[in-house]
Amino acid sequence: MAPSRHVGILALVAGCLLPSSVLALWPIPSTLETGMTALKVSPAFYFDVQVEGAPADLYEAVAQAQYYLANDKLGRLVVGRGANDTTALASAKTLSKLTLSLTSSATTESISSEAVKPLGTRSEEYALTIPADGSAATLTANSTLGLYRGLTTFNQLFYYYNGVTYTLLAPIAITDTPAYPFRGLALDTARNYYPVSDILRTLDAMSWVKINTFHWHITDSQSFPLEVAQYPELAINGAYSPQEVYTESDVQYIVAYAAARGIDVMMEIDTPGHTSIIATTYPDYIACFDETPWAQYANEPPAGQLRFALPEVVNFTASLLADVAKTLPSSYFSTGGDELNTNCYAKDYPTQLQLNSTGMTLNGALNTFTQVSHAALMAEGKTPVVWEEMVLNWNLTLANETIVMVWISSADALAVAEKGFRIIHAPSNYFYLDCGAGGWVGGYPAGNSWCDPFKTWSEAYTFDPLANLTQAQYELVLGGEQLLWSEQSGPENLDPIVWPRAASSAEIFWSGKQPTGAPLNVTEALPRLHDIRYRMVQRGLNPIQLQPQWCALRPDACDLTA
């Protein structure tokens with residue numbers, strides 16, 4: 001039986017009777033009950049794992065939680081950073097352990113195996129209670145993945161001052177479950193390369209806010225850094241250097257690291273556009289390769305797209321995608337399909353020769369190309385994921401289970417839903433983390449980025465996943481993600497450009513609403529976002545500041561209406 005979504009009556013709700021800065025959970029739980037009693041964590045505190053046959057990654061998660069509990073040492077975000085809490089702590093009871101257990105009907109599996117189950121079949125819910133009298137806290141879930149989510153929440157409850165780790169909110173009772181099954185972060189590692197260590201650090205940060213999907217846009221026109229055993233020349237010729245390659249062992253390590261943190265890795269090899277680099281290995285497969293002026297042939301340099309009308313290119317692409325997909329545990333694989341330039345094909349002799357000789361239209365050829373490549377993926381047990389143009393611009397015949405990512409505008413979700421496809425929200429007008437940095441192409445000094453302005457965390461936080469949809473279409477919404485395209489990003493600015501902004505969608509798609517049932521709103525959220533941002537700093541991340549620290553220590557004092 002799943003833990004109930006409701007635990008009694010909310011004694012205190014999200015800062016109504018306490019300063020909002022002391023209620024720092026992100027994302028906010030489904031149901032929350034708190035008190036006003038101080039409770040210290042014992043120096044001998046331990047996690048008591050009462051799970052028969054507990055997998056190794058659960059013990060690793062517990063060790064991780066123990067480390068954060070001991071080393072976060074986050075001072076409460078109030079003036080004095082906790083100095084005024086010493087009186088309450090003098091008489092506080094001491095918490096000595098947290099007992100972890102699964103519900104009686106649960107089957108014990110590893111966090112890693114739970115994390116890559118198909119959407120809708122993962123059990124992420126949990127129930128957490130922390131008494132005020134010092135007796136054992138309890139964490140119960142239907143799966144080890146749920147226990148992992150609960151451990152993440154547990155660690156966010158505690159602060160540190162003068163050698164004492166504590167909370168002022170005991171007793172605490174939380175039951176929690178995600179509003180949507182898909183909560184992602186997309187990273188483009190083709191425009192600029194990110195070392196493995198940067199990806200691992202990003203996965204850690206994702207887990208802290210319960211993001212459960214790493215959408216890995218791993219190749220593009222500029223580079224092909226992915227080592228593929230059956231096609232080794234693609235990376236040899238297409239990576240920026242031999243040192244800027246994701247080897248098979250790199251990929252497997254990243255995938256395993258992610259899974260142990262409750263994160264599924266959905267890889268994307270964008271086709272048939274965004275493939276110019278393939279010409280360095282297979283020049284006959286690419287139309288308008290490196291043609292100039294590039295703006296006539298592509299959305300960004302270099303020009304070049306797969307000649308998808310040619311049978312040999314169809315077969316190559318299907319083989320490439322299947323060869324990569326079968327090495328990954330995820331049920332999902334993205335074939336992209338965005339930003340095709342038709343002018344490129346209109347002027348490409350091999351494409352026109354093939355179309356004329358077969359009597360096929362360009363649209364028909366794209367339909368065949370996509371059906372063949374998707375069939376190859378489905379034969380490997382994968383569900384294809386595409387960008388919205390595949391259904392809205394080209395009206396391709398896709399399998400019913402295909403998932404469509406809406407990116408051009410949030411307004412396009414309705415048109416996709418009307419075609420009956422499941423949706424992942426990734427709208428550029430809310431969720432693109434790279435917007436607002438100015439134009440990056442040379443010779444264009446007055447240029448702005450195409451998706452200006454900068455997407456603030458608060459603008460992203462106002463996104464409504466169900467806007468314009470009918471109630472019957474709500475079930476088509478799987479969730480959403482924020483995205484970083486890397487034309488102007490690399491390891492040097494990864495942390496500050498992503499964090500804490502990417503926590504906005506993490507809460508939208510985990511919480512959906514406040515525990516009271518009220519809609520999410522930026523005024524209530526800002527003090528909590530400050531808190532998770534400061535906690536990220538304590539854990540070695542480099543997230544951008546949201547406001548002057550003066551504001552962070554005085555919730556609401558810097559609101560426009562204050």
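What's counted below: heavy atoms across the whole structure, side chains too, no hydrogens, waters or symmetry copies. In this text the structure is predicted, and so the values were computed from the model without any measurement.
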Using the side-chain contact (heavy atoms from CB on, under 4.5 Å) definition, which of the options Leu226, Val324, Asp270 pairs with Ile218?
Leu226

Of the options Leu362, Thr368, Val372, which is the one that meets Phe308 in a side-chain contact (heavy atoms from CB on, under 4.5 Å)?
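Only one of Leu362, Thr368, Val372 forms a side-chain contact (heavy atoms from CB on, under 4.5 Å) with Phe308, namely Leu362.
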
Can you give me the closest heavy-atom contact between Trp394 and Asn363, atom names plus distance?
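Closest approach of Trp394 to Asn363: O-ND2, 3.0 Å.
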
Considering all heavy atoms, the nearest Pro118-Ser331 contact
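Nearest pair, atom of Pro118 first, then Ser331: CG-OG, 3.8 Å.
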
Assess, by modelled atom type and distance only, whether the side chains of [X] and [Y] contain a donor and an acceptor separated by less than 3.5 Å.
X	Y	result
Tyr297	Thr292	no
Ser486	Asn192	no
Gln305	Asn341	no
Ser489	Glu487	no
Thr383	Glu401	no
Ser112	Ser110	no

Sequence neighbours left out, what passes ring-ring contact (aromatic ring centres under 6.0 Å, His included) with Phe224? Give chain and number order.
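Expected list: none.
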
Pair [X] and [Y], ring centroids less than 6.0 Å apart:
X	Y	value
Phe509	Phe182	no
Tyr246	Trp216	yes
Tyr193	Tyr240	no

Under 4.0 Å between a side-chain nitrogen and a carboxylate oxygen: does that hold for [X] and [Y]?
X	Y	answer
Arg183	Glu124	yes
Arg201	Asp198	yes
Asp264	Arg122	yes

Please confirm whether the backbone N or O of [Y] pairs with a side-chain atom of [X], one donor and one acceptor, at under 3.5 Å?
X	Y	answer
Ser504	Trp457	yes
Arg533	Ile544	yes
Ser276	Ala303	yes
Asp72	Gln538	no
Thr358	Gln354	yes
Asn212	Gly262	no
Asn493	Gly490	yes
Gln156	Trp208	yes
Asp57	Glu60	no
Arg307	Asp284	yes

Report yes or no: is the cationic atom of Arg539 (NZ for Lys, CZ for Arg) under 6.0 Å from the centre of the six-membered ring of Tyr68, at an angle within 45° of the ring normal?
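Judged by the rule, Arg539 and Tyr68 form a cation-pi pair.
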
Give a yes or no on this: more than 12 heavy atoms of other residues, nucleotides or ligands lie within 6.0 Å of atom [atom1] of [X].
X	atom1	answer
Asn400	CG	no
Tyr67	OH	no
Gln230	CD	yes

Taking the side chain as every heavy atom from C-beta outward, state whether Phe421 and Lys419 have any pair of such atoms under 4.5 Å apart.
yes

Exactly one of Phe316, Tyr231, Phe369 clears ring-ring contact (aromatic ring centres under 6.0 Å, His included) with Tyr285, and that residue is Phe316

Once side chain to side chain donor-acceptor pair (under 3.5 Å) is applied, do any residues pair with [X], and if so which ones, sequence neighbours excluded?
X	answer
Asn315	none
Lys382	none
Gln222	Arg191, Glu300
Glu114	Lys117

Given side-chain contact (heavy atoms from CB on, under 4.5 Å), test Val391 with Asn395 step by step and report yes or no.
CA-CA 4 Å; Val391 296; Asn395 195 28; 5.9 Å; no

May I have the step-by-step check of side-chain contact (heavy atoms from CB on, under 4.5 Å) for Ile423 and His425, ending in yes or no?
CA-CA 6 Å; Ile423 296 167; His425 287 293; 4.2 Å; yes

Which residues share a side chain to side chain contact (heavy atoms under 4.5 Å, CB included) with Tyr59, sequence neighbours left out:
Val49, Ala54

Side chain to side chain donor-acceptor pair (under 3.5 Å) test vs His274 passes for just one of Glu268, His217, Glu339, namely Glu339

